[in-house]
Amino acid sequence: MKKILPLLLSLSLLLLGACSLQPPEWAKPDKKTDLEDIKLGLSVSTLNNPFFVSMKNGVEAEAKAQGMEVVVVDAQNDAAKQINDVQDLIQQGVDALLINPTDSSAISTAVQSANSLGIPVVTLDRSAEEGEVATLVSSDNEKGGEMAGKFLVEQLGEGAKVAELEGVPGASATRERGAGFHNIADEKLDVVAKQTANFDRTEGLNTMENLLQGNPGIEAVFAHNDEMALGAYQAIQSSGKDVLVVGFDGNEDAINSIKDGKLSATVAQQPEKIGSLAVQAAMDVLQGNDVEDTIPVPLKLVTEETASEE
């Protein structure tokens with residue numbers, strides 16, 4: 001009997017310990033059937049970029065149409081702030097999280113926190129490296145990078161000297177757009193310089209000025225987003241050089257610049273559609289419906305010839 005009692009005590013402690021790993025009952029979201037009871041949390045990497053503003057607008061418009069509440073927070077391109085923002089949204093009792101990561105690796109801890117409480121996560125435009133994500137709503141960034149590379153080959157021929165302005169280091173969009181571009185460029189173009197400008201217009205301008213000084217023979221530049229492309233064009237214009245500029249996103253400023261004969265092209269996404277599809281995906285998950293691991297949103301190359309259609 002003396003040997004049995006310690007065994008029973010150890011078993012009891014083990015079971016209690018296992019139970020303590022479970023989230024408290026108040027933190028476990030119920031399956032929602034009434035859309036008016038749903039509160040969504042949206043964490044955006046930055047609202048200092050027209051692309052992400054359009055994406056936010058898409059989320060808000062779809063949520064309003066469905067009668068759902070949405071709380072929006074702006075990470076201001078700060079990975080640490082974004083993690084805190086997501087924790088705050090969790091404390092506010094959101095039923096699902098829509099996250100547009102600043103850094104795909106750093107955001108993993110916030111995704112895992114939501115996972116531990118049973119709060120579903122949908123990512124927009126960029127993925128999370130770890131943690132369980134219900135679905136990623138995004139364009140095919142790698143394919144878009146290939147589209148940009150093929151356009152430059154068509155315009156300038158093989159062997160043309162090109163530069164690359166990269167996005168935020170650690171963002172999945174940066175890696176994927178760069179990988180797609182190099183699928184083409186490494187075989188058919190001469191990439192003489194590449195440097196990050198963090199998806200920012202002012203950094204795009206300053207970085208392009210430096211690249212032009214160090215590489216006077218540059219014939220074209222591929223920027224991982226339109227904001228950097230627009231900044232790069234300003235630097236090129238000031239230099240008096242003739243350099244093709246291709247961006248990525250298809251924001252209004254870029255489209256207008258293409259119409260005016262400035263930017264050469266942009267790989268256009270549909271940010272509002274990304275936002276609306278993310279809301280629909282969250283709604284499906286909360287109601288117990290299956291969703292695909294990724295929800296693709298079509299891309300198209302916009303040039304001076306096609307810009308009038310936008």
Side-chain angles (χ1 to χ4, degrees), residues 29 31-32 35-47 49-75 77 82-83 85-86 88-90 92-104 107-108 110-115 117-141 144 171-173 176 199 225 248-251 268-299:
K31 185 163 67 176
K32 299 287 185 175
L35 296 181
E36 293 183 358
D37 292 337
I38 293 177
K39 180 193 287 188
L40 303 176
L42 170 63
S43 173
V44 185
S45 59
T46 176
L47 290 176
N49 181 322
F51 177 82
F52 296 118
V53 172
S54 294
M55 191 176 68
K56 173 188 76 74
N57 292 343
V59 168
E60 291 177 327
E62 184 64 22
K64 182 178 180 180
Q66 300 292 346
M68 294 185 284
E69 180 184 355
V70 59
V71 181
V72 181
V73 288
D74 176 9
N77 271 334
Q82 185 164 47
I83 293 170
D85 286 347
V86 172
D88 184 58
L89 289 171
I90 290 172
Q92 292 184 51
V94 297
D95 298 295
L97 284 163
L98 310 181
I99 303 177
N100 160 236
T102 293
D103 184 304
S104 298
I107 199 61
S108 297
V111 173
Q112 290 166 333
S113 293
N115 293 161
L117 296 172
I119 300 171
V121 177
V122 174
T123 52
L124 296 79
D125 187 55
R126 304 168 183 168
S127 63
E129 288 189 1
E130 297 181 35
E132 182 180 344
V133 173
T135 187
L136 164 65
V137 184
S138 174
S139 305
D140 187 334
N141 284 305
S172 59
E176 292 160 7
F199 290 133
N225 80 338
F248 199 121
D249 282 344
N251 72 34
Q269 301 190 79
Q270 301 182 67
E272 289 194 18
K273 192 169 185 64
I274 290 174
S276 64
L277 288 175
V279 171
Q280 292 170 23
M283 181 173 62
D284 283 340
V285 173
L286 289 169
Q287 294 183 317
N289 300 322
D290 293 333
V291 295
E292 298 293 330
D293 291 341
T294 58
I295 299 175
V297 181
L299 291 166

For a side chain to side chain contact (heavy atoms under 4.5 Å, CB included) check, start with the C-alpha distance between I90 and L117, then their side-chain angles and the critical distance, and finish with the verdict.
CA-CA 9 Å; I90 290 172; L117 296 172; 3.4 Å; yes
Distance only, no hydrogens: is a donor on one side chain within 3.5 Å (strictly under) of an acceptor on the other, for [X] and [Y]?
X    : Y    : answer
Q82  : S43  : yes
Q280 : D284 : no
E129 : S108 : no

Between [X] and [Y], is any pair of side-chain heavy atoms under 4.5 Å apart?
X    : Y   : answer
S45  : N77 : yes
N49  : T46 : yes
N251 : S54 : no

Qualifying residue, where the test is side chain to side chain contact (heavy atoms under 4.5 Å, CB included) with V44 and the options are L124, N100, T102:
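The passing option is N100.
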What pair of heavy atoms forms the shortest contact from D125 to N141, and how long is it?
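D125 and N141 have their closest heavy atoms at O-ND2, 3.6 Å.
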Does CD in E292 sit with more than 12 non-hydrogen atoms of other residues, nucleotides or ligands closer than 6.0 Å?
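No, because the 6.0 Å sphere around CD of E292 holds 12 heavy atoms or fewer from other groups.
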Within the supplied structure, the quantity of interest is the number of heavy atoms (other residues, nucleotides, ligands) at a distance under 6.0 Å from N289 CG; does it exceed 12?
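Atom CG in N289 is packed in, count exceeds 12.
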N-O pairing of E60 and K64 below 4.0 Å
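Salt bridge absent between E60 and K64.
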Kindly determine whether Q269 and D249 satisfy side-chain hydrogen bond (donor to acceptor under 3.5 Å, both in side chains), including the steps that lead there.
CA-CA 5 Å; Q269 301 190 79; D249 282 344; 2.8 Å; yes
